[in-house]
Amino acid sequence: MNEPGNFNQRVYHIVAAIPEGRVTTYGEVARLAGSPRAARQVGGVLRRLPEGSRLPWHRVVNRHGGISLQGEDFQRQRQALLSEGILFGPDSAIDLSRFGWKG
DNA sequence: ACCGTGACCCTCG
DNA sequence: ACGAGGGCCACGG
C-alpha cells in the first residue's frame with residue numbers, strides 16, 4: 001500500500017471533490033488523505049500544480065477560514081471564491097460553519 | 001539517499 | 001484570548 005506519489009494523487013482527488021461554493025482546510029484535506037499531520041504538505045502539493053490544472057485549488061483555506069497566499073495570488077484566490085458566492089467576514093475570514101465542506 | 005523547503009497547525013507562556 | 005515558536009512530513013533537486 002502507500003505507493004510513491006500516492007499522497008499527491010489523494011490530494012488531487014479530494015480537492016477535486018470539493019463542491020462549488022464550499023471550502024475546506026489544508027488540515028482537513030490532510031486528514032482525508034490519511035496523513036493528519038501533513039497539512040503543510042497539502043499546500044506544497046497545490047503550490048506545484050501543473051500550469052493549466054483545472055483543480056479547484058482556491059477552495060482550500062487555512063484553519064481560520066483565511067487565505068494563506070500573498071500578494072497577487074491572494075487576490076486571485078479571493079476573487080475566485082467571491083465569484084462562487086463565498087463571503088468574507090469583517091476579519092477577512094470565511095465562516096467555515098457556513099461555507100465549510102460539511103457545513 | 002540526504003537536505004532544504006514550506007499555500008500549516010498545535011502547544012505553550 | 002493571543003502570539004511566538006517549533007514540530008511536522010512529503011516532495012523535488
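Reminder, nothing fancy here: chain letters follow the sequence lines and each chain counts from 1. Keep in mind it's a predicted model, so treat the numbers as computed, not measured.
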(message) Starting the side chain at C-beta, find the nucleotide from B/dG6, B/dC9, C/dC9 nearest to A/R37.
(response) C/dC9

(message) Rounding to an integer number of Å, can you tell me how far A/F7 CZ sits from B/dG6 C1'?
(response) 13 Å

(message) I need the CG-C1' distance between A/D91 and C/dC2, as an integer number of Å.
(response) 15 Å

(message) Measuring to OP1 and OP2 of C/dC9, would you say a side-chain N or O of A/S35 lies under 4.0 angstrom away?
(response) no

(message) Are A/Q77 and A/W57 packed together at the side-chain level, in the sense that at least one heavy-atom pair is separated by less than 4.5 angstrom?
(response) yes

(request) Would you mind telling me which residue lines up with the more 5' stretch of DNA chain C, A/Q9 or A/R63, judged by nearest nucleotide? (result) A/R63

(message) Any N or O donor-acceptor pair under 3.5 Å from the base of C/dC9 to the side chain of A/Q41?
(response) yes

(message) Distance check needed: B/dA7 P versus A/E72 CD, whole Å only.
(response) 16 Å

(request) Specify the separation, in whole Å, of atom CG of A/N6 and atom P of C/dC11. (result) 9 Å

(request) Figure out the CZ/P separation between A/R47 and C/dA10, and round it to whole Å. (result) 16 Å

(request) Look at the side chain of A/R48 and decide which nucleotide, out of B/dC8, B/dC9, C/dC11, has an atom nearest to it. (result) C/dC11

(message) Nearest 0.5 Å, please: how far is CG in A/L69 from CZ in A/R76?
(response) 8.5 Å

(message) It should be established whether A/N8 places a side-chain nitrogen or oxygen under 4.0 Å from OP1 or OP2 of nucleotide C/dC11.
(response) yes

(request) Find out whether A/L81 and A/F99 are in side-chain contact, i.e. whether some heavy atom of one side chain is under 4.5 Å from a heavy atom of the other. (result) no

(request) May I have the distance from A/Q70 (atom CD) to B/dA7 (atom C1'), rounded to whole angstrom? (result) 10 Å

(message) Output the rounded distance in Å from OH (A/Y26) to C1' (C/dG7).
(response) 19 Å

(request) Flag the pair A/D91 / A/H64 as yes when at least one side-chain heavy-atom distance between them is below 4.5 Å, and no otherwise. (result) no

(message) What I want to check is whether an N or O donor and acceptor connect the side chain of A/R40 with the base of C/dG7 at under 3.5 Å.
(response) yes

(message) Could you check whether A/E84 pairs with A/R59 (Lys NZ or Arg NE/NH1/NH2 to Asp/Glu carboxylate O, under 4.0 Å)?
(response) yes

(request) Send over the distance from A/H64 NE2 to C/dC2 P, rounded to a whole Å. (result) 10 Å

(message) What contact category does A/G27 fall into here, base, sugar-phosphate, or nothing, at under 4.0 angstrom with non-hydrogen atoms?
(response) sugar-phosphate

